[in-house]
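All remarks here apply to the structure that follows.
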Amino acid sequence: MKKALVVTLVLLLSLFLSLPVHGGEVLGPGGGGGDGGDGGDGSSSSSRSKLTLDNFVRYLESWQKDKPTQYQYMVKLLSTGNPESYQTPNVWLQYAGNQTVSRNEPLNLGFYVQNPNPLDLRRTVFVDLEAKLPGETKYQKLNLYTQAVQPFDYQEKGKVNWTAKIWPEFASFSCLEKVGDVRLRALVSDGSNKWYSSASGNSRPYYGELVLNVTNSPPVMDNATLICTESPRYNDPIEYVASVYDPDGDLMNVTLHILDEAGWEVRNETQDVKSGQVRFKAAQYGFFGEADAGKNYTYYYTIGDGIDTVCYPPSEDGNATLEGPRIRSNPKLWVETPHVEPEDDNYYYWGEYNFSLEMRNQEPYNMEIPVTLKIRTEDKNWKPVAKRTVLVTPDSKREYFPTSDAFDVLDRGSQFSFRFEYPEYDQNNSMSIDMQWANPLNERLMKNGLASFPIAINLLLLMVLPLLGGIFLERWMGKGRMG
């Protein structure tokens, strides 16, 4: 601005110094004549006198002090030039993109200036970008730094002096908190006058007022997973993991909501994340405690980007949830020392075996629990051989499961294991207790030896019965012939 004013002053001074000054026609510090500031005599007020730079400066100083009204008028003339010949520059917003844009879509937004004034009448033009945002009633300035177009910044094409600039600091609408129509215009000033680009009309890609429909792309979530054992204890590692993505690149707030069996929200936690993976560790946030043992929980997510908030899993009514975790009950059973007692220390497959284990309730009350005994040999998988309901008390007690058909002839010589299964967790967070027995089953095929009484009786019967049958048959047939 100061540079333009100096140029204007120099041009006007040149004009003044080239004109003759007549006595009494130029207002000076005295009554009517010049003061001979250039070394001349009293005839300086004659028709041949010239206005020098020193005289002009003294005139300005005198007018400023004694005649402020004339002085202000002179300043106005010097700053605006000739009002009759000065023409207001035309300014348009310049934009060639789509008028529906996403919040984070890069914008190439600038302005275009046509200045019809010659160089000596041009002033510095100052341009700001104003916007009426969605839901607002007033325009506000968007750019931080005013763009200035100097008199020498123009290019000449034909008879048109023009220039164009981009607002480098205004790249997108990512900071908008609402979406919808955004009205843009340029506020222009040349130091004396102000006007808006909206007075210049619209013709793509030049706009007096530019209306952009700003939209938002909501965030997306997928691959939501619960990482834990099938039925974890409340203090076991439990981790909620999901992938989130925002098409606009926004920072997202992801909230995990945990619901109880009745569908009431009992806990929630929020993380601010960029696109990628989000993790909630139950132990880090203290999601579950001892009081949660034996309970089932569900969960869902809400994801917001500052504009839109979506739920996962998606559903029409927004009430969909994901299962888990099913918190394991606190162990009540104490189970130990499984044992087997055969009726014969030779471990024959046909013998009776009395399996047993010790059980007690860690809580101060009695409870009934079904217990199943299973046997496994080298060639056979687990086979149930006995089952009964056990009354478990706070006092440790050995429970017995006798059986006479645990094995068959094909199990001869085989190693065997046995297992007790029950529907409650024990002190080891298990629902069964196993034991591999050290002694294999006997290889013996028959229960009794050849010299044994049962075998002797069987052999005797095998020999006597055919003999008796033959005698009977002979007598019966002989009587028939004689008669």
Side-chain angles (χ1 to χ4, degrees), residues 225-241 256 258-264 266-267 279-299 321-341 353-376 380-403 406 416-437:
T225 307
L226 182 63
I227 301 178
C228 63
T229 60
E230 183 177 355
S231 184
R233 298 226 17 219
Y234 69 88
N235 54 358
D236 285 345
I238 301 173
E239 190 171 14
Y240 299 82
V241 182
L256 170 65
I258 299 177
L259 312 180
D260 63 14
E261 293 171 305
W264 294 100
V266 292
R267 299 170 185 86
R279 293 175 174 267
F280 292 86
K281 294 184 178 181
Q284 178 181 351
Y285 295 101
F287 283 159
F288 307 111
E290 188 173 0
D292 298 307
K295 298 179 181 179
N296 299 332
Y297 292 93
T298 58
Y299 68 98
T321 59
L322 299 169
E323 294 295 325
R326 182 185 298 271
I327 304 298
R328 182 183 303 174
S329 300
N330 285 329
K332 299 176 182 179
L333 285 179
W334 188 278
V335 182
E336 58 188 346
T337 60
H339 183 70
V340 60
E341 188 70 33
Y353 291 83
N354 196 5
F355 298 89
S356 65
L357 77 165
E358 289 188 31
M359 302 180 74
R360 68 180 175 89
N361 188 4
Q362 298 187 81
E363 301 291 338
Y365 55 85
N366 299 340
M367 62 179 179
E368 290 186 343
I369 295 179
V371 180
T372 301
L373 169 65
K374 292 184 177 181
I375 302 293
R376 184 180 66 180
K380 299 176 183 178
N381 205 346
W382 292 106
K383 178 182 71 171
V385 295
K387 181 177 181 180
R388 71 183 183 88
T389 299
V390 176
L391 180 64
V392 184
T393 68
D395 298 323
S396 182
K397 185 175 61 172
R398 181 163 289 277
E399 302 292 339
Y400 295 93
F401 292 77
T403 177
F416 72 91
S417 303
F418 61 96
R419 167 187 291 174
F420 292 98
E421 294 182 352
Y422 30 83
E424 293 283 343
Y425 289 99
D426 59 23
Q427 73 276 14
N428 299 313
N429 289 327
S430 177
M431 299 177 74
S432 65
I433 186 169
D434 301 356
M435 173 164 281
Q436 170 74 41
W437 199 248

Across all chains, not counting sequence neighbours, the ring-ring contact (aromatic ring centres under 6.0 Å, His included) partners of Tyr425 are none

Trp334 meets the side-chain hydrogen bond (donor to acceptor under 3.5 Å, both in side chains) criterion, sequence neighbours left out, with Glu336

**Prompt:** Does any N or O in the side chain of Arg267 come within less than 3.5 Å of the main-chain N or O of Ile258, such that one atom is a donor and the other an acceptor?
**Reply:** no

Going by the angle between their ring planes, with limits at 30° and 60°, are Tyr240 and Tyr299 parallel, tilted or perpendicular? perpendicular

Sorted by chain and residue number, the salt bridge (Lys or Arg N to Asp or Glu O under 4.0 Å) partners of Asp426 (sequence neighbours excluded) come out as none

Residue pairs meeting side chain to side chain donor-acceptor pair (under 3.5 Å), one or both in residues 361-374, sequence neighbours left out, come to Lys332-Tyr365, Lys374-Glu421

With a 4.5 Å limit on heavy-atom distance, are the side chains of Leu259 and Thr321 in contact?
yes

Heavy atoms of Ala293 and Ile327 approach each other most closely as CA-CG2, 3.7 Å

d(Asp236 CG, Ser231 OG) to nearest 0.5 Å is 9.0 Å

The salt bridge (Lys or Arg N to Asp or Glu O under 4.0 Å) partners of Lys380 (sequence neighbours excluded) come to Asp408, Asp411

Does the side chain of Met359 reach to within under 4.5 Å of the side chain of Val390, using non-hydrogen atoms?
yes

Handout entry: Check: Phe401 and Val371 side chains under 4.5 Å, non-hydrogen atoms
Key = yes

Shortest non-hydrogen pair, Pro237 vs Cys228, comes out as O-CB, 3.6 Å

| field | Chi angles and distances behind the side-chain contact (heavy atoms from CB on, under 4.5 Å) call for Val266, Phe287 | value | CA-CA 9 Å; Val266 292; Phe287 283 159; over 6 Å; no

Q. Do the non-hydrogen side-chain atoms of Asp434 and Ser417 ever get within less than 4.5 Å of each other?
A. no

For Arg326, the side-chain hydrogen bond (donor to acceptor under 3.5 Å, both in side chains) test, sequence neighbours excluded, returns Asn296

Between Phe420 and Ser356 the two heavy atoms that sit nearest each other are CE1-O, 3.6 Å

### Query
If you draw a 6.0 Å radius around NZ in Lys387, do more than 12 non-hydrogen atoms from other residues or ligands fall strictly inside?
no

Interatomic distance, CZ@Arg233 vs CD1@Ile238, rounded to 0.5 Å, equals 11.0 Å

message: Quick check: Phe288 with Tyr297 (ring centres under 6.0 Å apart)?
response: yes

- Item | Donor-acceptor contact below 3.5 Å, side chain Arg419 vs main chain Trp382 | no

Item checked: Validation row: Met435, Leu357 side chains within 4.5 angstrom (heavy atoms) -> no

Taken in chain and number order and not counting sequence neighbours, the residues that satisfy side-chain hydrogen bond (donor to acceptor under 3.5 Å, both in side chains) with Arg279 are Glu239, Gln277

Measure up the Phe416 and Phe355 rings against each other and bin them: parallel (under 30°), tilted (30 to 60°), perpendicular (over 60°).
perpendicular

Discussion item. Is it the case that atom CD in Glu230 sees more than 12 heavy atoms from other parts of the structure closer than 6.0 Å?
Written reply: no

Rounding to 0.5 Å, atoms CG (Asn428) and CG (Leu333) come to a distance of 11.0 Å

Subject >> Worked check of side-chain contact (heavy atoms from CB on, under 4.5 Å) between Arg398 and Thr337 >> reply: CA-CA 9 Å; Arg398 181 163 289 277; Thr337 60; 2.8 Å; yes

Residues passing the salt bridge (Lys or Arg N to Asp or Glu O under 4.0 Å) test with Glu424, sequence neighbours excluded, are none

- Task: Report the relative orientation of the aromatic rings in Trp437 and His339; use parallel for angles under 30°, tilted for 30 to 60°, perpendicular for over 60°.
- Result: perpendicular

Can you confirm if the aromatic rings of Tyr353 and Phe418 lie within a centre distance of less than 6.0 Å? no

Checklist entry - Is the side chain of Thr225 donor-acceptor paired with the backbone N or O of Ile227 at a distance under 3.5 Å, no angle test? => result no

Note: Pro402 and Asn354 closest approach over all heavy atoms is N-OD1, 3.4 Å

Sorted by chain and number, sequence neighbours left out, side chain to side chain contact (heavy atoms under 4.5 Å, CB included) with Val385 holds for Leu373, Ile375, Lys383

The side chain to side chain contact (heavy atoms under 4.5 Å, CB included) partners of Ser329 (sequence neighbours excluded) come to none

Side chain to side chain contact (heavy atoms under 4.5 Å, CB included) filter on Ala262, not counting sequence neighbours, yields Asp260, Trp264

Sorted by chain and residue number, the salt bridge (Lys or Arg N to Asp or Glu O under 4.0 Å) partners of Arg376 (sequence neighbours excluded) come out as none

